[in-house]
Amino acid sequence: MNLAALRSEFPLLGRDENGKRLCYVDSAATAQKPQAVLDAVRRYYVEDNANVYRGVYALAARATQDYEDARAQVAALVHAEPEEIIFTRGTTESLNLLARSYGELVLGPGTNVVTSPAEHHSNLLPWQQVALARGAELRFVELDEDGQVTPEAVGKVVDQGTRVVALAHVSNVLGTVTDIAAIAAVAHAAGAVLAVDGAQSVPHMAVDVKALDIDFLAFSGHKMCGPTGIGALYGRAELLRRMPPVYYGGEMIEEVTLTGATFKEAPWRFEGGTPNIAGAVGMGAAARFLQEVGLGEIHSREAELANMAAEGLRRIEGVTVYGPRGRRESGVVTFNIDGVHAHDVATALDADGVCVRAGHHCCQPLMRRLGAASTARASFYLYNDADDVQQLLDAVASAKEFFRRVAG
Ligand code: 7TS
């Protein structure tokens, strides 16, 4: 991969920030967009814009074709069938849809959902709330010392009452990568399904729902170089067939009377109302773009940058690095400058053109476990390079000096 050529695909990365080279290391929050995605969205609006499924004219047929082509492109990214991909607004909506639809089907007194204390609120709250509403139990897997969810720990809490095991593939705080294939085997042996929050994995590594034996997978377009406001829920075909709709309205029905209705097949049954057609087109283009670059290469290079950054940060006295003590397998590095609030760290780094996220990262239970109210987080992606790591390390070192002088 020619990195300079790849970076030049992303118009925003060529800009300065605060008069400095822009060092964008917040891709776990959202990724920058390549020209191929910007062009696809523009082309859709300029050439094919119409509502899907409704029109009989050629323009409407093209819009519908674009939308369904996008579904096929997103399906291909995760090795699913197109009919197994529901378009949503993003991971959050995918997980809410799943918890409400599948939860309604299978949860009740005497049943349980197994999850972990390291989940993003998007993969905790939908299960927490549906469990409360249905009188089901929510169980938590014990994390190991690195914050890792292991198949052994999952095995200790699942039982015959478990209906769903809901876990993140990659933690957005610790950067740990969960052994999904092994956990799928544990879940299936207990008769449960495995629902995976792939917000931080699908953009960054090859994810094959068939090879990993995943039943449900949620992910967001905007974290994989696509537009905001679009995402997907993959569901195994035979499971989607059994699930009731959640959003009722236009585009999702077969026939409606004043007293009843029949609904389309999955996935259309779950997509009530006019969908985000341009967003889907952009997400499809992003899926193609990532496959062209190569997810294996994306994964290994961003993990390498994260390892360089973690080692460099550890060498700065007074900096605490969280997450795996050994080799990192993802692009996420979370840290603190001791005695300085993470928001102040992020503000200081911004003055050097470095964009990092600071806060609780929508993982308050995990932050309590780490004993930190907030942390700073750098997250690398396909367009980052060793210069970004160096710019980050220099900015952290100078921020640390600045706060030491202010405190002294
Ligand atoms: N799950 C994980 C693991 C995430 O990291 C995020 C977003 C979500 C779910 C929700 O995705 P959304 O697209 O629906 O918002 N995580 C972050 C983050 O770490 N910083 O900003 C957003």
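Note that ligands are numbered from 1 as they come in the structure, with each ligand's atoms numbered from 1 the same way. Keep in mind that what you see is a predicted model, and the values were worked out from it rather than measured.
- Electrostatic pairing of Arg71 and Glu68 counts as a salt bridge here, judged by a charged N lying under 4.0 Å from a carboxylate O.
- Of all the heavy atoms of Ala168, none lies under 4.0 Å from any atom of ligand 1, so neither backbone nor side chain is involved.
- Nearest protein neighbour of atom 15 (O) of ligand 1, counting heavy atoms only, is Thr92 OG1, 3.8 Å.
- Note: His222 NE2 to Thr30 OG1 = 5.0 Å, rounded to the nearest 0.5 Å.
- Scanning all protein heavy atoms for the shortest distance to atom 4 (C) of ligand 1 gives His120 CD2, 3.3 Å.
- Ligand-side atoms of ligand 1 in range of Ala29: 20 (N), 21 (O), 22 (C), range being under 4.0 angstrom from any heavy atom.
- Ion pairing between Asp39 and Arg288 fails under the 4.0 Å rule for side-chain N and carboxylate O.
- A salt bridge does not link Glu17 to Arg15: none of the charged side-chain nitrogens sits closer than 4.0 Å to a carboxylate oxygen.
- Annotation: Asp197 places an N or O atom under 3.5 Å from an N or O atom of ligand 1; distance criterion only.
- Under a 4.0 Å N-O distance rule, the pair Glu401/Arg404 qualifies as a salt bridge.
- Residue-ligand proximity, Ser122 to ligand 1, at heavy-atom distances under 4.0 Å covers atoms 9 (C), 10 (C).
- Protein heavy atom closest to atom 16 (N) of ligand 1, with residue, atom name and distance, is Lys223 NZ, 3.0 Å.
- The side chain to side chain contact (heavy atoms under 4.5 Å, CB included) with Val356 is formed by just one residue from the set Val333, Asp26, Leu349; it is Leu349.
- The nearest protein atom to atom 5 (O) of ligand 1, hydrogens excluded, is given as Gln200 NE2, 2.7 Å; this is a heavy-atom distance.
- Scanning the protein heavy atoms around atom 19 (O) of ligand 1, the nearest turns out to be Arg377 NH1, 2.6 Å.
- Here Leu174 contributes atom CG and Leu143 contributes atom CG; the two are 8.0 Å apart, rounded to the nearest 0.5 Å.
- The shortest contact between atom 11 (O) of ligand 1 and any protein heavy atom is with Thr91 CB, 3.6 Å.
- Note on ligand 1: Glu119 sits outside its first shell, no heavy atom being nearer than 4.0 Å.
- The protein heavy atom nearest to atom 21 (O) of ligand 1 is Arg357 NH1, 2.7 Å.
- Within 6.0 Å of OH on Tyr53 lie more than 12 heavy atoms contributed by other residues, nucleotides or ligands.
- Taking distance alone, with nitrogen or oxygen atoms compared against 3.5 Å, Glu93 stays at or beyond that limit from ligand 1.
- Put simply, CE on Met243 and CD on Glu238 are 12.0 Å apart, with the number rounded to the nearest 0.5 Å.
- Under a 4.0 Å criterion applied to the non-hydrogen atoms of Asn172, ligand 1 contributes the atoms 5 (O), 18 (C), 19 (O).
- Between Arg43 and Asp48 there is a salt bridge, with a side-chain nitrogen of the basic residue lying less than 4.0 Å from a carboxylate oxygen of the acidic one.
- In the vicinity of Ser220, heavy-atom distances shorter than 4.0 Å reach the ligand 1 atoms 11 (O), 12 (P), 13 (O), 14 (O).
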